[in-house]
Amino acid sequence: MLTSNSSSYSNSNGNCSSASSSSNSSFSSSCVQVSRDVQQQLVLLRLLPDSPGLQFPEIWLRDNCQCSTCYMQQTRSRLPQGWNYLDPSVRLQQLSWCAERQSLQISWSDGHKSSFPLSWLKERDFSPASRARYLRDCYRPEQRLWSGTEFQRIQREFLYDELLHNDEALLQWLHQLAVYGLALVKQAPLDSNVLRNLCNRVGFMRSTTYGDEWSVKAQPGASNYAYLAAPLPLHTDMPYFEYKPSITLLHTLQQSDSPGGWNLLSDAFHVADLLRQRYPGAFKVLSETPVDWADIGSEKNLRFHNIWRAPVINLDANGRYVRINLSIPQRDSHFSVPAEQVRPWYEAMALFMRLANEQACTFKTTPGDVLTFDNVRMVHGRTGYDDTEQNIRHIVGAFLDWDIAYSRWRVLKNDLGHYNK
Ligand SMILES: [Zn+2]
């Protein structure tokens, strides 16, 4: 067995009998070339002579030792015993490759010994391509932003019965929702179990101050603007929650026979992209000015007063979109920013609303449809309509959360073998 010590850079062929000659042509599948970059404190593995190698920081290897003192297989988690804190002074002392067990063997300066299977290492490689693949395949699929004119191209329909009984269909529905933010479920029965059944297939419903499920019917004297028949401008649901419900499901039980009642939907991440390109000043204002979103009222016996302060466009540390907040009725008259920031915000908002309306797609659901969309990303609305005594538009809504939906997406991908494709 060949070893390398920490005092020098070493590039050794592992314990592979056929690789003892200097020729690279003797590589076989069981042969792995192990080396160190002492300067960067990296362990490098090369599986084939001309493949881009795998790389692992030494301190990370020590932290992720797989022995039974350091790692509990049963809970799939790191154990704190003897490793309450990361001692950054620990150094790699000896490094070798065991061909028989296909594993990397390391001795550390604290006397500990570690062994890492090749399959485990491959999944955790730090090279840029491997990290990108993990993020795309396991963390979250890459979102594709779209304009209203692309609606026909990106939209996909799923059959209710298939979602209840076919895991592959369930996975495809969640994938469509994650990538495009929108999916239409067709042929659901006109009964009260539909949203509960769909949510239970994913995990569980997200409850709010309006209960588990809510009914959208025109109601004179309604407690919420959505319960009126007037046009409903583009909005996200419940921006006044820090933990905003993140997937909306709308089940059409009865659609309006009047010319109105059309759905409007706009990919607000795409709208934000347009604003960023065309009006960078307005983009900056909408992504930096906190707005007071609020909802005051009561539902059944619960009185509530919800407030969340956040910009319309919310970005992460890398400038990527994490959330859109928008609702005209639920934007409070309290606007807790310095007075000079107010007019620029209204001017930026006018541009955003114009773009959001220009980019909206329109369609009209029919009874048995369940419209599902990403409430973090999409803004939705509805044209006005008229009820008659024989025709009362009736939609039932419920929420799911992305944490639960992504978890189900990963479990399904794993169970259905999609990770290896
Ligand atoms: Zn260990």
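Since we're looking at a predicted model, the values are computed, not measured. FYI, the numbering just counts along the sequence from 1. Start at 1 and go down the list; that is how both ligands and their atoms are numbered.
Counting heavy atoms from C-beta outward, H380 and N375 have side chains that approach closer than 4.5 Å. Using a 4.5 Å cut-off on side-chain heavy atoms (C-beta onward), W402 and L177 make contact.
Side chain to side chain, Q143 and H270 fail the donor-acceptor criterion of an N or O pair below 3.5 Å. With hydrogens and angles left out, the side-chain atoms of E213 and S215 include no donor and acceptor closer than 3.5 Å.
Within the protein, the N, O or S atoms sitting under 2.8 Å from the Zn ion (ligand 1) are C65 SG, C67 SG, C70 SG, H112 NE2.
Here the two rings, on Y243 and W308, have centers that are 6.0 Å apart or farther.
When the side chain to side chain contact (heavy atoms under 4.5 Å, CB included) test is applied to T149, the partners found at least two apart in sequence or on another chain are S147.
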